[in-house]
Student: 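Sharing a structure below in structure tokens format, with a few things to ask.
Lettering follows sequence order; numbering is per chain, from 1. Here the structure is a predicted model, which means the values were calculated and not measured.
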Amino acid sequence: MSKFTGTAGQVLEAEKPSVFSILKEWGIHKGVVAALVNGKPTDLRTVLFFDAVVEPIMAESEEGLHVLRHSASHLMAQAVLHLYPGTKVAIGPSIKDGFYYDFELPVPISEEDLAGIEEEMNKLAKAALPVERLEIPRDELLVNYEAAGEVYKAELVADITDEKISVYRQGDFEDMCRGPHVPDTSFLKHTKLLSVAGAYWRGDEKNIMLTRIYGTAFADKAGLDAYLKRMEEARRRDHRKLGRELDLFSIQAEGPGFPCFHPKGMVVLNNLVDFWRREHIRRGYCEIRTPLILDKELWVRSGHWDHYKENMYFTEIDEKPYAVKPMNCPGGLLVYKSSLKSYRDLPLRMAELGIVHRHERSGVLHGLMRVRCFTQDDAHLYVTPAQIKQEILGIMDLTRYVYRDVFGFNYHVELSTRPENAMGSPEMWEKAESALEEALKESGVAYRINPGDGAFYGPKIDFHLEDCIGRTWQCGTIQLDFQMPERFDITYVGPDGAQHRPVMLHRTVLGSLERFLGILIEHFAGAFPYWIAPVQVKVIPVKPELEEYARKVETQLKSWDVRVEMDLRDEKLGKKIRDAQMQKVPYMLVLGEREMSEGTLSVRDRTSGDLGTMTPEALREKLGKEFDPRH
RNA sequence: GCCGGCGUAGCUCAGUCGGUAGAGCAGCGCACUCGUAAUGCGCAGGUCUUCGGUUCAAGUCCGAUCGCCGGCUCCA
């Protein structure tokens with residue numbers, strides 16, 4: 001007899017019960033997909049012969065969905081093998097919001113084929129095939145996979161040293177897997193296949209490209225429907241679609257990855273930059289601007305030639321080689337070196353809205369999020385070693401202020417460490433990495449380590465913002481660099497009168513104006529906050545005869561620095577309101593005979609609708625209270 | 001760059017079996033003189049991405065090209 005304890009104080013003594021029977025005995029078996037046995041995820045079918053604490057994993061919980069989706073990936077693999085005999089299976093994990101499975105298929109498939117696979121999955125789900133766990137000796141499994149021509153599975157087994165490997169079987173399908181899984185396939189009735197894509201075996205582009213099918217699974221229909229609806233909402237917010245509809249920017253075939261900003265997009269960018277500049281001045285930064293094109297020799301000296309050439313564009317001037325800058329630091333260093341620096345100048349915070357060009361591979365371009373020319377809100381801080389931590393904390397404070405307080409974003413922080421093509425000694429890297437980590441710890445923010453993702457000249461702290469469908473984009477970054485100061489032999493005169501080497505911090509807050517704008521568009525679904533909206537107020541006369549009064553109102557608003565547009569088209573009021581709403585203009589002023597005779601305005605808010613009439617002064621006061629980080 | 005898909009009017013999309021291109025919105029004109037999310041009528045707008053091939057005939061079939069979309073790899 002073994003003794004089992006539940007988390008709500010349940011107790012049970014039984015002889016070799018299954019996990020499921022224990023939960024059933026306690027009456028908590030409904031909606032359960034697996035269980036934690038002494039904290040370890042376990043199948044419901046598993047038979048226990050030792051004392052244990054047993055806790056259910058509910059289908060709707062995060063772990064439950066993980067189990068469900070992982071099982072769904074097996075179900076999909078089974079269906080694919082039925083429909084496409086000869087398919088080799090690779091790996092099929094659960095991921096955020098769903099799952100995928102990679103296959104080598106005998107024939108290419110497209111999204112049109114997904115319906116057929118779904119149908120087969122539903123058939124298998126209905127059949128309620130028991131999902132059983134087997135323990136197979138490693139060597140036997142390896143031989144079996146090799147004999148079956150399952151080269152990918154064989155490769156995976158070859159890397160495992162355990163004596164026994166667990167395999168899950170459902171009907172005619174078996175897959176090596178840690179589990180746990182649902183007890184039978186009837187748990188997998190709410191699945192949806194989403195897309196098919198290519199994916200390199202083991203994520204290495206030197207390897208063969210497999211076919212990956214993405215899908216998702218939920219505990220019930222409501223969960224699945226809610227997810228599909230959320231995806232739809234995400235598409236509605238896509239910055240590429242809104243960018244066109246709101247006439248913010250365009251990217252033409254003549255310039256792939258090189259966006260054109262339209263007048264309205266420029267208003268947003270200019271306000272953003274205006275805010276950025278004020279905030280930096282407040283925080284003790286100065287601003288510089290360096291050339292887009294500089295002598296190739298500079299890039300050899302900086303190490304970019306050796307470490308970043310593939311991403312650079314080159315040109316020639318008077319038969320001498322030049323490069324288009326992919327980063328701003330070398331130019332900034334030239335400015336630093338242009339005069340003698342004293343310790344009294346440090347920390348020296350030199351900001352630059354630098355336009356950089358980088359050759360990005362064609363397949364990675366994505367609206368404003370991934371482009372080939374972008375404006376970094378860059379800054380280089382030249383500091384003494386003793387000032388490093390304090391300056392990093394200062395940048396983190398600025399970042400928190402901009403992301404959270406000004407725009408209301410969620411973000412997370414990563415520490416990216418030494419990459420493969422790193423420049424400089426391992427000791428320097430260790431020193432730099434621990435300095436960053438120390439600052440992170442002191443700041444108290446949660447962070448995770450992103451190994452091998454540092455810049456070639458130093459480790460970095462990265463700030464990631466979420467877009468509308470939960471994809472995250474790196475925006476801000478703080479990079480600690482001992483290399484460039486050496487390479488460029490920059491110095492400052494210390495209090496002792498001797499030459500000392502400063503340390504360099506590279507950092508951005510917004511990251512790139514382009515990407516940040518893309519994220520702003522999606523975050524606000526195009527309805528920008530008042531202070532940054534391209535058009536803040538739309539003046540709408542009820543009929544053409546009121547043009548004169550409308551012009552008067554327009555002039556008055558302009559004199560208050562309000563960005564105002566008039567709609568003088570010979571259209572019905574409803575139409576003009578609708579158009580202004582769709583352009584997401586924060587305020588609409590409806591002007592009719594009544595307003596003209598009283599000298600008032602009828603104000604409509606884009607979210608709450610008609611606010612009634614007010615005097616121009618009252619409107620001015622109201623607009624003056626709108627949030628603006630520059631005030 | 002790689003895998004798969006898609007390119008028809010400014011935008012969103014029809015276009016059957018290969019027979020010589022159509023709608024809505026936007027634009028322009030006219031009428032309506034209008035009160036909080038689409039007034040009506042008319043006009044104009046296309047080398048069907050581009051180049052080549054098959055065919056009596058190609059938007060439609062085939063190949064390439066450029067671009068875009070979803071991923072992978074790579075990155076702000």
Student: Could you check how far CE of A/M369 sits from P of B/rG71, rounded to whole Å?
Tutor: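 Taking atom P of B/rG71 as the reference, CE of A/M369 is at 12 Å.
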Student: Does the side chain of A/R240 get closer than 4.0 angstrom to OP1 or OP2 of B/rC69 through an N or O atom?
Tutor: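 It does, given that an N or O in the side chain of A/R240 lies less than 4.0 Å from OP1 or OP2 of B/rC69.
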Student: Among the nucleotides B/rG4, B/rC74, B/rC69, which one has an atom lying closest to any side-chain atom of A/P108?
Tutor: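 Nearest to the side-chain atoms of A/P108, counting from C-beta on, is B/rG4.
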Student: Given the C1' atoms of B/rA9 and B/rG24, what is the spacing between them in whole Å?
Tutor: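 The answer is 12 Å between these two C1' atoms.
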Student: Between B/rG35, B/rU73, B/rG27, which nucleotide gets closest to the side-chain atoms of A/V590?
Tutor: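 That would be B/rG35.
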Student: Does the distance from a Lys or Arg side-chain N to an Asp or Glu carboxylate O, for A/R277 and A/E287, drop under 4.0 Å?
Tutor: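 Result for this pair is yes, salt bridge flagged.
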Student: Would you tell me if any nitrogen or oxygen in the side chain of A/S362 comes within less than 4.0 Å of OP1 or OP2 on B/rG1?
Tutor: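 Checking B/rG1 against A/S362, a side-chain N or O does come within under 4.0 Å of OP1 or OP2.
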Student: How close or far is atom P of B/rG71 from atom CD of A/E205, stated in whole angstroms?
Tutor: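 One finds 18 Å between P of B/rG71 and CD of A/E205, rounded.
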Student: Could you verify whether a donor N or O on one side chain and an acceptor N or O on the other, from A/E104 and A/W201, lie under 3.5 Å apart?
Tutor: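 Looking only at side-chain atoms, A/W201 and A/E104 do not form any donor-acceptor pair under 3.5 Å.
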Student: Nearest to the side chain of A/A197 - B/rU36, B/rG70, B/rA76?
Tutor: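 Nearest listed nucleotide: B/rG70.
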Student: Can you tell me which nucleotide in B/rG71, B/rA76, B/rG35 comes closest to the side chain of A/R370?
Tutor: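 Per side-chain heavy atoms of A/R370, the pick is B/rA76.
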Student: Starting the side chain at C-beta, find the nucleotide from B/rU73, B/rG35, B/rA76 nearest to A/S512.
Tutor: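 Out of B/rU73, B/rG35, B/rA76, the nucleotide with an atom closest to A/S512's side chain is B/rA76.
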Student: Scan A/E360 against the nucleic acid and name what it touches under 4.0 Å (heavy atoms): base, sugar-phosphate only, or nothing.
Tutor: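 The residue A/E360 makes base contact.
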Student: Which part of the nucleic acid does A/E593 contact within heavy-atom distance under 4.0 Å: base, sugar-phosphate only, or nothing?
Tutor: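 If one applies the 4.0 Å heavy-atom cut-off, A/E593 turns out to touch a base.
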Student: Given B/rA76, is OP1 or OP2 found less than 4.0 Å from the side-chain N or O atoms of A/K460?
Tutor: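 Answer is yes, contact under 4.0 Å.
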Student: Regarding A/Q583, tell me which of base, sugar-phosphate or nothing describes its non-hydrogen contacts under 4.0 Å with the strands shown.
Tutor: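 The answer is nothing, as A/Q583 stays clear of every strand by at least 4.0 Å.
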Student: By the 4.0 Å heavy-atom rule, please label A/V356 as base, sugar-phosphate, or nothing.
Tutor: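 The answer is nothing, as A/V356 stays clear of every strand by at least 4.0 Å.
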Student: Could you tell me whether the phosphate oxygens of B/rA76, OP1 or OP2, come under 4.0 Å of any side-chain nitrogen or oxygen in A/R372?
Tutor: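 For A/R372, the contact criterion (side-chain N or O under 4.0 Å from OP1 or OP2 of B/rA76) is not met.
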Student: Tell me what A/Y214 touches on the nucleic acid: a base, only sugar-phosphate, or nothing, going by heavy atoms under 4.0 Å.
Tutor: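 Sugar-phosphate, no base atom in range.
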Student: Assign A/Q252 to base, sugar-phosphate, or nothing according to its heavy-atom contacts below 4.0 angstrom with the strands shown.
Tutor: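 Answer is nothing: A/Q252 stays at 4.0 Å or more from every strand.
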Student: Can A/T508 and A/D378 be counted as having a side-chain donor-acceptor contact under 3.5 angstrom?
Tutor: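 Absent: no donor and acceptor within the cut-off.
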Student: Can you tell me which nucleotide in B/rG1, B/rA76, B/rG35 comes closest to the side chain of A/V542?
Tutor: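 Minimum distance to the A/V542 side chain belongs to B/rG35.
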Student: Categorize A/D204 for me: base, sugar-phosphate, or nothing, with a 4.0 angstrom heavy-atom threshold over every strand shown.
Tutor: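 A/D204: no heavy atom of the nucleic acid under 4.0 Å.
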Student: Which pair of non-hydrogen atoms, one from A/A79 and one from A/M121, has the smallest distance, and what is that distance?
Tutor: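 Where A/A79 meets A/M121 most closely, the heavy atoms are CB-CG, 3.6 Å.
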Student: The side chain of A/L573 lies closest to which of these nucleotides: B/rU33, B/rC25, B/rG35?
Tutor: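 Closest of the options to the side chain of A/L573: B/rG35.
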Student: Is the base of B/rU36 touched by the side chain of A/R578 through a donor-acceptor pair closer than 3.5 angstrom?
Tutor: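 Check fails, no donor-acceptor contact within cut-off.
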Student: Taking the side chain of A/R212 as its heavy atoms from C-beta onward, which of B/rG4, B/rC34, B/rC72 lies nearest to it?
Tutor: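 Nearest nucleotide to the side chain: B/rC72.
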Student: By nearest atom, which of the nucleotides B/rA76, B/rU73, B/rA37 is closest to the A/M582 side chain?
Tutor: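 Ranking B/rA76, B/rU73, B/rA37 by closest atom to the A/M582 side chain puts B/rA37 first.
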Student: Would A/K264 and A/D247 pass as an ion pair if we require N to O under 4.0 Å?
Tutor: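 Here A/K264 does not pair with A/D247 in a salt bridge, since their nearest N and O are not under 4.0 Å apart.
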Student: Could you tell me how far B/rA58 sits from B/rU47 if I compare only their C1' atoms? Round to whole Å.
Tutor: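 My reading of the C1' atoms in B/rU47 and B/rA58 gives 14 Å.
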Student: When we call it a touch if two heavy atoms are under 4.0 Å apart, what does A/R358 touch: a base, just sugar-phosphate, or nothing?
Tutor: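 Answer is base: heavy atoms of A/R358 come under 4.0 Å of a base.
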Student: Determine whether a donor-acceptor pair (one donor, one acceptor, N or O, separation below 3.5 Å) exists between the side chain of A/E111 and the base of B/rG71.
Tutor: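 Side chain to base: no pair below 3.5 Å.
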Student: Select base, sugar-phosphate, or nothing to describe what A/G203 touches, counting heavy atoms under 4.0 Å on all strands.
Tutor: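 Here A/G203 touches the backbone only, sparing every base.
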Student: Identify which one of A/R237, A/R235, A/K229, A/R230 satisfies the salt bridge (charged side-chain N to carboxylate O under 4.0 Å, His left out) criterion when paired with A/E233.
Tutor: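 Testing A/E233 for a salt bridge (charged side-chain N to carboxylate O under 4.0 Å, His left out) against A/R237, A/R235, A/K229, A/R230 leaves exactly one candidate, A/R237.
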Student: So which nucleotide from B/rC75, B/rU73, B/rC68 ends up closest to the side chain of A/R515?
Tutor: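 Looking only at side-chain atoms, A/R515 lies closest to B/rC75.
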Student: Compare side-chain N and O positions of A/H366 against OP1 and OP2 of B/rG70 and report whether any pair is under 4.0 Å apart.
Tutor: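 For B/rG70, OP1 or OP2 has a side-chain N or O of A/H366 closer than 4.0 Å.
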Student: Does A/K575 place a side-chain N or O at less than 4.0 Å from the phosphate oxygens OP1/OP2 of B/rA26?
Tutor: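 So the side-chain polar atoms of A/K575 do come within 4.0 Å of the phosphate oxygens OP1 or OP2 of B/rA26, strictly under.
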Student: Any luck finding a side-chain donor-acceptor pair between A/E598 and A/T613 under 3.5 Å?
Tutor: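 Looking only at side-chain atoms, A/T613 and A/E598 do not form any donor-acceptor pair under 3.5 Å.
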Student: With a 4.0 Å cut-off on heavy atoms, is A/E571 in touch with a base, just the backbone sugar-phosphate, or nothing at all?
Tutor: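 If one applies the 4.0 Å heavy-atom cut-off, A/E571 turns out to touch a base.
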Student: Counting only side-chain N and O atoms of A/Q581, is one of them less than 4.0 Å from OP1 or OP2 of B/rA37?
Tutor: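 False: A/Q581 side-chain N/O out of range (4.0 Å or more) of B/rA37 OP1/OP2.
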Student: Side chains of A/R212 and A/Y214: donor-acceptor distance under 3.5 Å anywhere?
Tutor: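 A donor-acceptor contact under 3.5 Å links the two side chains.
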Student: Measure the distance from CD1 on A/I577 to P on B/rA38 and round it to the nearest whole Å.
Tutor: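 In whole Å, B/rA38 P and A/I577 CD1 are 10 Å from each other.
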Student: Name the nucleic acid region contacted by A/G592, choosing base, sugar-phosphate or nothing; use a 4.0 angstrom heavy-atom cut-off, strictly under.
Tutor: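 Touches a base.
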Student: Would you mind classifying the nucleic acid contact of A/R594 as base, sugar-phosphate or nothing, using non-hydrogen atoms under 4.0 angstrom?
Tutor: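 Base: the residue A/R594, judged by heavy atoms under 4.0 Å, touches a nucleobase.
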Student: For B/rG4, give the paired nucleotide (Watson-Crick: N1-N3 plus N6-O4 or O6-N4; G-U: N1-O2 and O6-N3; both under 3.5 Å), or none.
Tutor: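 When the pairing criteria are applied, B/rC69 turns out to be the nucleotide that pairs with B/rG4.
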Student: Between B/rC34 atom C1' and A/M596 atom CE, what is the distance in whole Å?
Tutor: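 Roughly 15 Å, once rounded to whole Å.
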